[in-house]
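For reference, the structure discussed in these notes is given below.
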Amino acid sequence: MAIESDEIKSAAAELLDAGAHDRLDTMRHSTAHVMASAVLELFPDAKLGIGPAIRDGFYYDFDLPRALTPADLESIEARMRAQVAANLPFERSEIGRDEAVARETAAGQPYKAEIIGELAAGEVISFYRHGTFNDLCRGPHLETTAGIGPFKLLNSAAAYWRGDEKRPMLQRIYGSVWETQEDLDRYLWRLEEARKRDHRKLGRELDLFSFHPESPAAPFWHPRGMALWRALEDWSRQVRTEGGFVEVRTPALVRKELWETSGHWALYQDNMFVFDDADHVAGLKPMNCPESMLIFKTSLRSYRDLPMRLADYSWLFRNERTGALAGMFRVRQLTQDDSHVICREDQVVDEVNLALRLVRRQFEPFGFQPRFKLATRPDKKLGTDEFWDMAEGQLAGALETAQIEHTLDPGGGAFYAPKIDVFIDDALGREWQMATIQIDYQLPQRFELEYRAADGGTARPVVVHYAIYGSFERFIGVITEHFAGAFPAWLAPVQVMVIPIADRHVEYAGKVRDALFEAGLRAEVDDRSERMQAKLRDAQEQKVPVMLVLGDRDQEAGAVSPRLRTGESTQGVGMAVFIADLKGRVERRELWPYAPEEDQP
RNA sequence: GCCGAAGUAGCUCAGUGGUAGAGCAACGGUUUCGUAAACCGUCGGUCGUGGGUUCGAGUCCCACCUUCGGCUCCA
């Protein structure tokens, strides 16, 4: 969207070429300055942290004498509006580093002084002033505070200085600012919509699962949630079968010797549940892969046996930090659609290519278009440059072979190998990281895996790991929010609600339900003594895809009258015709019934 | 783990030291033939748990449990 040149006046010359995105970022950063200035008016002794522009808005961190309250935010917001109305110019100044450190120290701003002290000696130190507020800042900024668009302060919360839990805890205020009121309204609508779709709320309302203090952060799956789970699991198994996988299952309770071999004892023990088991120290498994290594080693493998593709849906246990737990998104007991491919080095590109195809295939019936990111060698890494050249080349080669567009995440790889991260966008435009595809040379070495090569010698295989849903728990959280609980028929816990209009139709309704059962469909009869309208309303609120209304005419004709969740309804459809149609849609895993999103403001 | 907030009936919430409430749900009865809430009645709470202050605590204090927001998207 083009912006009139006099609508927002760009102060700095470096802004002339900037696109709308940079302009918005600049405005957000300027708004953060105005907020910091308002906070200083309220708390003259506040010490300033950092205040960057972020996606959808900005934040600023402060060291304050007391915790902020919602009333404080209102007061800060009011002071900010006054500054915007005052049309204060932003003025840039530059000074030397030592002088800057001295100034910030004298001003009682230790965090600012720390930042400046870390800048290179020769670097230009710039400050931006508006009104009486002068802040260390690289810039650029708006010309004046009047250029700040509609904004709102959202919430305050704690944040460690520089994200380090050993350092002081500051208070962070988040805010959002946009170029137009419509943009701000749309953003606030999205926040509100996300709140309404919260999977924790929908999970309770749709009777999918519950949580209990007796086992914190571990879901109890109800019959309806389990139906959804099984639909997902069946699909994952089908995709794995198509990909040539076989399935294994491995123990949850494993002695520490295995974890010492795999390296988890040294690197992952903090996240494991560990205890004594009959004179041995053992742990609940946080990952499946080490045990697959043991299965591989149970016989002498030939190069002809590879690749060996193992799927594992075992239960995993991770002792997460209590503060990180969040609904289905972070649980302590979870299940993955885990895949380990043990293959020859010359098969790695093909196997990664297969993984990429399976990722696309498995996400297809959800309507997700996965995006791929190649994460390359980090600064802290194991192995030689030759190794990384080769491993990165293998992943890049597979992406090319599969003709998959991707972006780069330089330095984002694991310390032992590069990886391909897979992202999806949900219905609200939120980005979620889903699958990760990793190639692993470490584990085969630690477990001393070998196979008999074609030349009669021994060789070491490579492992390609991935989980496409990631964990079932988290994926169910994501799709619950994505579909707002209105799952397509193939996933819906109850696919058909049979609604007899009067008590005399209940028997026929039972026959219809049994016919649905026989076709492998999930159906219930609402035989409560309620009026049909009430039953329809309840089925709608439960987001059941199809309601079958049954009255005299249907009963006499052996027919059903389907009403879809979208409101569309027909009458007198033959029972067999209806069942065959629905069964086909479920088996094809159609995105059906589909309702276009409600219009956003 | 840390900072802040919250926890009252199955759910959503009222209740500012003086007899625990409402709507929905559930249950009982009546009712029920065409596409989003029939009517009447009844039941239901150790106010998260434990301790303390007080003549008296859902309300004030302390500890614990659980949940929610957040803890680098780096001047």
Side-chain angles (χ1 to χ4, degrees), chain A residues 25 28-29 32-33 36 48-61 64 66-70 100 104 109 111-119 123-128 135-139 154-174 195 198 200-201 204-205 207 210-217 270 319-327 431 499-506 527-542 547-555 561-565 567-572:
Chain A
D25 267 1
R28 285 171 176 168
H29 192 54
H33 273 231
L48 306 182
I50 59 168
I54 56 174
R55 187 191 322 170
D56 301 328
F58 58 92
Y59 70 78
Y60 214 116
D61 289 341
L64 299 173
R66 63 168 175 85
L68 290 165
T69 65
E104 291 294 356
Q109 295 294 349
Y111 304 110
K112 291 294 178 189
E114 178 181 326
I115 292 168
I116 299 164
E118 289 173 7
L119 295 175
E123 200 160 339
V124 174
I125 310 288
S126 58
F127 278 72
Y128 279 80
D135 194 12
L136 167 74
C137 184
R138 180 165 39 207
L154 298 172
N155 58 322
S156 66
Y160 293 104
W161 169 236
R162 306 208 133 178
D164 182 347
E165 51 191 274
K166 293 187 188 67
R167 311 206 60 184
M169 183 158 272
L170 311 181
Q171 295 188 65
R172 175 170 299 177
I173 305 176
Y174 285 96
R195 202 185 57 75
D198 190 315
R200 292 167 294 204
K201 178 173 179 284
R204 186 174 54 240
E205 289 171 0
D207 199 16
S210 53
F211 287 92
H212 301 272
E214 288 84 349
S215 184
D270 285 351
N319 194 2
E320 305 279 358
R321 304 159 94 205
T322 52
L325 303 171
E431 181 184 86
I499 298 178
I501 293 175
D503 287 346
R504 64 174 179 278
H505 307 120
V506 168
D527 56 4
R528 295 174 302 162
S529 43
E530 287 284 353
R531 290 164 65 230
M532 175 201 63
Q533 282 81 354
K535 297 178 183 180
L536 283 174
R537 180 186 150 89
D538 289 345
Q540 285 285 153
E541 288 196 329
Q542 285 292 304
M547 290 142 269
L548 286 186
V549 178
L550 304 182
D552 286 340
R553 293 202 293 276
D554 301 290
Q555 189 167 328
S561 296
R563 173 201 161 98
L564 304 185
R565 183 174 60 204
E568 185 188 337
S569 67
T570 41
Q571 301 213 351

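Here is the naming used below: chain letters follow the sequence lines, and residue numbers restart at 1 for every chain.
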Quiz item: So, is A:Arg563 close to the B:U35 phosphate, meaning a side-chain N or O under 4.0 Å from OP1 or OP2?
Solution: no
Self-check item: Selected nucleotide, minimal atom distance to A:Arg537 side chain, candidates B:C74, B:A36, B:U35
Solution: B:A36
Quiz item: Do A:Tyr60 and A:Asp135 meet the criterion of a side-chain donor-acceptor pair at a distance under 3.5 Å?
Solution: yes
Quiz item: Does A:Tyr60 place a side-chain N or O at less than 4.0 Å from the phosphate oxygens OP1/OP2 of B:U72?
Solution: no
Quiz item: What is the base-pairing partner of B:U46, counting Watson-Crick and G-U wobble geometry with both distances under 3.5 Å?
Solution: none
Quiz item: Looking only at atom C1', what distance separates B:G18 and B:C13, rounded to whole Å?
Solution: 24 Å
Quiz item: Whole-Å distance between B:C3 P and A:Leu64 CG?
Solution: 16 Å
Quiz item: Does the pair A:Glu118/A:Arg162 count as a salt bridge with the N-to-O cut at 4.0 Å?
Solution: yes
Exercise. With C1' as the reference atom in both, quote the distance from B:C24 to B:U16 in angstrom, rounded to an integer.
Key: 28 Å
Quiz item: Per the atom types in the model, does the base of B:C3 pair as donor or acceptor with the side chain of A:Tyr160 at under 3.5 Å?
Solution: no
Quiz item: Do the charged groups of A:Asp198 and A:Arg200 touch, with an N to O distance under 4.0 Å?
Solution: yes
Quiz item: Where do A:Gly572 and A:Ser561 come nearest, in terms of heavy atoms and distance?
Solution: N-OG, 3.1 Å
Quiz item: Rounding to the closest angstrom, what is the interatomic distance between B:A57 and B:C68 at atom C1'?
Solution: 26 Å
Self-check item: Separation between the C1' atoms of B:C61 and B:C74, rounded to whole Å
Solution: 41 Å
Quiz prompt | Whole-angstrom distance between B:A26 and B:G10, as gauged at atom P | solution = 14 Å
Practice problem: Would you kindly check if the NZ (Lys) or CZ (Arg) of A:Arg28 is within the cone defined by 45 degrees around the ring axis of A:Phe58 and under 6.0 Å from the six-membered ring centre? | Solution: no
Practice problem: Would you indicate, yes or no, if B:G10 has its OP1 or OP2 atom less than 4.0 angstrom from a side-chain nitrogen or oxygen of A:Arg204? | Solution: no
Self-check item: Spacing of the P atoms in B:A20 and B:U59 (rounded, Å)
Solution: 13 Å
Quiz prompt | Euclidean distance, atom CD of residue A:Glu530 to atom P of B:A26 [Å, nearest integer] | solution = 7 Å
Quiz item: OP1 or OP2 of B:G34 less than 4.0 angstrom from a side-chain nitrogen or oxygen of A:Arg553, does that happen here?
Solution: no
Quiz item: Across the strands shown, which category fits A:Asp538 at heavy-atom distances under 4.0 angstrom: base, sugar-phosphate, nothing?
Solution: nothing
Quiz item: Nearest-Å distance, CG (A:Asp56) to P (B:G70)?
Solution: 13 Å
Quiz item: What distance, rounded to whole Å, do you find between the two P atoms, one in B:G23 and one in B:A5?
Solution: 33 Å
Quiz prompt | Selection from B:A36, B:G69, B:C71 that lies nearest to any side-chain heavy atom of A:Ala157 | solution = B:G69
Self-check item: Distance below 4.0 Å between A:Arg138 side-chain N/O and B:C74 OP1 or OP2
Solution: no
Quiz item: Is a side-chain donor or acceptor of A:Gln109 paired with a backbone partner of A:Leu48 at a separation under 3.5 angstrom?
Solution: yes
Quiz item: Paired with B:C27 by Watson-Crick or G-U wobble geometry, both distances under 3.5 Å: which nucleotide is it?
Solution: B:G41
Quiz prompt | Complement of B:U53, any strand, by Watson-Crick or G-U distances under 3.5 angstrom | solution = none
Exercise. Answer yes or no: side-chain N or O of A:Asn155 and base N or O of B:G70 forming a donor-acceptor pair under 3.5 Å.
Key: no
Quiz prompt | Enclosure of A:Arg55 CZ (heavy-atom neighbours >12, cutoff 6.0 Å) | solution = no
Self-check item: Euclidean distance for C1', B:U49 against B:U67 (whole angstrom)
Solution: 15 Å
Quiz item: To the nearest angstrom, how far is A:Arg531 atom CZ from B:A36 atom P?
Solution: 10 Å
Quiz item: Counting just side-chain N and O atoms, does A:Arg200 come under 4.0 Å of either OP1 or OP2 of B:G69?
Solution: yes
Self-check item: Pairing nucleotide - B:U12, Watson-Crick or G-U, each distance under 3.5 Å
Solution: B:A22
Quiz prompt | Partner nucleotide of B:U67 by Watson-Crick or wobble geometry (both distances under 3.5 Å) | solution = B:A5
Quiz item: Considering Watson-Crick and G-U wobble pairs with both distances under 3.5 Å, what does B:G34 pair with?
Solution: none
